[in-house]
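First up is the structure itself, then whatever we jot down about it.
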Amino acid sequence: MSQSTNNLASYIWSLADLLRGDFKQSQYGRIILPFTLLRRLECVLASHKADVLAEAGRIENMGLPEEAKEKLLLRASTLSFYNTSKMDLATLGASGIKDNLESYIQCFSKDAREIFEYFKFGEFIVQLADANLLYKAVQQVKGADLRPEIVSNHDMGLVFEELIRRFAEGSNETAGEHFTPRDIVDLTTSLAFMEDDKGLTQDGIIRTIYDPTAGTGGFLSAGMEYVMQLNPAAVMRAFGQELNPESYAICKADMLIKGQDVTNIKLGNTLSQDQLGNDKFDYMLSNPPFGVDWKKIEKDIKDENAIKGFDGRFGPGLPRVSDGSLLFLMHLISKLRDTDEGGGRIGIILNGSPLFTGGAGSGESEIRRHILETDLLEAIVALPTDMFYNTGIATYVWVLTNKKDPSRKGKVQLINGTDLYSKMRKSLGSKRKWMDEGDIATITRCFGNFETVEAKTLDKPEDAKSNRGRKSATPKAATLKTFASKIFHTHEFGYRRLTIERPLRESYQLNDDRIAPLRFAPKPLHAITQWIYDSFGTGWDENGTDYGVLAEHEVEIRTHIKAEFPELKEKQIKDALDPKTWRDQLAILRTARALQAKIGIDQHDDMNGFDAALKGTGIKLDMVAKKQITAAVSWKNPKAAKVIKKLHKNATANPLYGLFDVDGQVVEFKPDGDLRDNENVPLDPSQTVNALNEAYFLAEVAPHVPDAWIDARKVDAIDGGIGIVGYEIPFNRHFYTYTPPRDLAEIDAELDAVSAEIMALLQEVHV
C-alpha cells in the first residue's frame, strides 16, 4: 500500500475509537466495513445520482415489474448499482437519523442492499442509535473523501482489504474462518499465475478467476492485483461462492468497490449447491477448511458420485466423511477451462491429510491416482507451521494445471519451504510466523525454474529457545534451516498393494475341555449363556423337561444383562432366555460327545483328515452342528500340516500364485487370515505388472517365508492387474535428513555426572 492509501485506511479505522467501550473489539469491523462501503458507493454514484432520480421519477407510475425497473435504473446509473433516495450521509440530519439511514439503505439496488442485510447492519444501526453514537459515526464517515477521481478502484480495494485485515486480526478466534493471511495469499497467487506471464502481458486480455471458498475475497483481490501489476489494461472477472453470510457480505462489498459484477459472487455451500455449475475458469485459488466433515451434505455428494460418475465433479472417488478437503480439490478440477480454450490453473492450500490418508483402493488414494495419472499436479510446496490464525498444523500449497509446459510433463516438483519464515513480534491467534517477500521469491523462483535444489542452508536466525527448566551440559546442536526442491516422475508416487497369503495349519482334539463350551450359544450370546448356566443351570437334568426354562429368573437375568451386556439387543436377550436355544445347544453337545466316543480324545495335527474322521463315525451332522463342533475342537498350530482348500485337476503348479505340487497333485491351501500381509510394490511402467510383482516377491518375500504366495484374486478395478494400485505423496520422507545419535560414551559420561551431582545433593541433605 502507498502512504496515502494507508493513511486513508487508518482514518476510516479510527471510527473504532468512537466505538470503544460500547462495542466489543470483534464487532468493530461489522460496523466500519459497511459504513465504508456506504460512503464509497455514494461517492461513486454522485455524478450519476441526478440521472437515477430522474429515471426513477419517470418510471414510478408506469406499473413496471421490479426487474424491469431495476434494469432501467442500472442503465441510468451506468454502474452495477444505484440509489433512488434523495438523501446522502451529509443530509441525513441529526433528528430521525436512524430512520433516515435505514430508508437510505433500502433505496439501493438489490445486490447492494443485500450486502448490508448480510452484514446485519440494521441491527448495528439500532445499537449505535441506542448508544447515541449514530450521528457521530455518520459525521466521521462522511468526512472520508472516497470519490473515484481521488481514490481509484484499485486503491479503494487496497484500503478495503486493509480494513478487512484489521477486522480479522481484531477477532483472532474466528479470523481463520474467513481470512487467509496475506503472505500465504501472495505466495499461492504467484505460483498459480506465474506460468502465464506471457499471456497476461498481451493487449486486450480477458481472464476469469474463481474461489469456491471465497471468504472475504482475499484470493480474488490478490489475483486481480497480480494481473493489474503485469498488465493494467487487462480485464479480470471475479467469481466466487461463500458459505458464511458475513464473509459473503464482505467479499461482495469488496468486489462491488472494485467495480466487479457482484452477481458472480454467490452465497451457499459449494459442494452441495454449486451455483456456477456451467462455468469454467482460467485461474482458481482456494483455502478450504481443514479437516471439516461433510456429513450434513453426505447424501448430495454420494448421489452425484453414483449418478453422474466422471460426468460430475466426484467421479474419481470420495474421501472419508471426516475430511472434505479433497472434495474441494475435485470441484476445482472440474472447473478447469478446457485445454482447447487455453486451459486453467489451480492453487489450493491443504493440510497434510490429502497427501497420504487412505490406503490403496480408498477414495483418497483413487483421487490422488486420478490427479497424477491425468498429469494435473505441477508442484506441492510445504509451508512453515503456525502460518494461519486458527491452526498451527503443517500446510501445503498444491499447484495444478491441465496445460503443463512440455518440460514438466509426467513430473511433479516438491518444494520444502518449511524453514522459510520469520518470527512475528506478536502472535495473531495461532499465527506466529510470516513469509516476507524474499521467502516468497525463493519459492517462486525455484518453481519457475523447475529446478532440483539440494538442501541448502538459509541465512535465518535460530528460533529462540525456552529458558525454563534445567539446561543440559551438552545441549543439542542447533538444527540448520534449509531449503530444498526435488522433482519426481508421477509414477514414483504409485505402488501396487499385493496380498501375501500363508497356509493355514490346524490341529483338532475332541477332549472334554474343548467340547464342553458347546453347551452355550455361540457369540454374541456365549458369555451371557455361560453366566446363566453357572448361576441357574448347574442343577438342570439334561433329560428333564425343565432344561433351559428360565422364566422365574428372567428379571434377575435382564438386570444383569443391562449392567454387564448393554450391547445386546432385545431379540438376542429373548434368544438367551428361550428354552429352545438351550435344547438346541444341548443336542450339539451330545453329538460332540458321540463323536468323541468314536474318534477318541487324542490330538491330531492334520486337519485334512477331520472330515474323513467324522464320516467314519456314521453320525450325521447338520451344517450348524458341524460348524460349531469344528470351531470348538480345532485350533491353529504352526507345527501342524497345511490345510488343503482344493485339489486342481488339469492345472499346472505355480507356487508364486498359490498352486503347489504335492505328491504329483496340484494343491491350493487355505490361507491363514492372521498371517495375511500386504506388500507395496513401486510402480514401474517400463515393466509388465506380473514381471514387477514376481521379481519383488522373489527378492523381498520368498527368502523369508518360503511357503507364502501372491493372492491372484485381488486385482485392480481399473487396469485389471494383480494387486490394488495406490498413490500417496510421502512429502516428509523425501526430505528427511538422518541425524546420527550421540556417541554412547558421551551419554554415559553425562549420566555419570548427573548421578554424581544427585549423590552430592543427597549427602548435603543427610548432613
Flag the pair [X] / [Y] as yes when their ring centroid distance falls below 6.0 Å, and as no otherwise.
X	Y	answer
Tyr210	Phe239	no
Phe493	Phe488	yes
Trp709	Phe697	no

Using side-chain contact (heavy atoms from CB on, under 4.5 Å), reason through Phe388 and Thr180 one step at a time and then give a plain yes or no. CA-CA 7 Å; Phe388 292 85; Thr180 304; 4.1 Å; yes
Should we count CZ of Arg237 as having more than 12 external heavy atoms under 6.0 Å?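 Open: at most 12 neighbouring heavy atoms sit under 6.0 Å from CZ of Arg237.
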Do other residues, nucleotides or ligands put more than 12 heavy atoms under 6.0 Å from the CG atom of Asn650?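 Atom CG in Asn650 is not crowded, with 12 or fewer foreign heavy atoms closer than 6.0 Å.
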Salt bridge check, Glu668 against Lys646: does any charged N sit closer than 4.0 Å to a carboxylate O?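 No, Lys646 and Glu668 are not salt-bridged.
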Stepwise side-chain contact (heavy atoms from CB on, under 4.5 Å) check, Asp183 with Asp439: CA-CA 10 Å; Asp183 50 349; Asp439 297 329; over 6 Å; no
Verify ring-ring contact (aromatic ring centres under 6.0 Å, His included) between Phe310 and His370, making sure each step is shown before the conclusion. CA-CA 11 Å; Phe310 279 89; His370 173 73; 5.7 Å; yes
Using the ring-ring contact (aromatic ring centres under 6.0 Å, His included) definition, which of the options Trp398, Tyr736, Tyr396 pairs with Phe731?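 Testing each of Trp398, Tyr736, Tyr396 against Phe731, the sole residue satisfying ring-ring contact (aromatic ring centres under 6.0 Å, His included) is Tyr396.
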Answer yes or no for Arg368 and Tyr495: cation-pi contact, defined as NZ/CZ to six-membered ring centre under 6.0 Å and angle to ring axis within 45°.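 Ring-cation test returns no.
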Phe314 ring centre to Lys308 NZ or CZ under 6.0 Å, with the angle to the axis within 45°?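 Pair Lys308/Phe314 does not count as cation-pi.
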Phe193: which of Val227, Asp282, Leu230, Thr444 passes side chain to side chain contact (heavy atoms under 4.5 Å, CB included):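 It is Val227, the one option of Val227, Asp282, Leu230, Thr444 that forms the side chain to side chain contact (heavy atoms under 4.5 Å, CB included) with Phe193.
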Please walk me through it: do Tyr248 and Lys266 pass side-chain hydrogen bond (donor to acceptor under 3.5 Å, both in side chains)? CA-CA 8 Å; Tyr248 164 75; Lys266 307 294 185 179; over 6 Å; no
Begin with the C-alpha distance, continue with both residues' side-chain angles, and end with the deciding distance and a verdict on side-chain contact (heavy atoms from CB on, under 4.5 Å) for Asp300 and Ile297. CA-CA 5 Å; Asp300 297 319; Ile297 55 173; 4.3 Å; yes
What distance do Leu332 atom CG and Tyr283 atom OH have between them, rounded to the nearest 0.5 Å?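 Result: 15.5 Å between the selected atoms.
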For the residue pair Thr385 / Lys433, report whether a side-chain donor-acceptor contact shorter than 3.5 Å exists.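 There is such a pair between these side chains.
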Would you tell me whether Asn351 and Thr395 have side-chain atoms, one donor and one acceptor, within less than 3.5 Å of each other?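 Their side chains do not contain a donor-acceptor pair, so the 3.5 Å distance test is not met.
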Check: Asn402 side chain, Arg337 main-chain N or O, donor-acceptor pair, under 3.5 Å: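 Yes, Asn402 side chain to Arg337 backbone: donor-acceptor pair under 3.5 Å.
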Is the shortest heavy-atom distance from the side chain of Glu378 to the side chain of Arg345 under 4.5 Å?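 Contact flag for Glu378/Arg345 side chains = yes.
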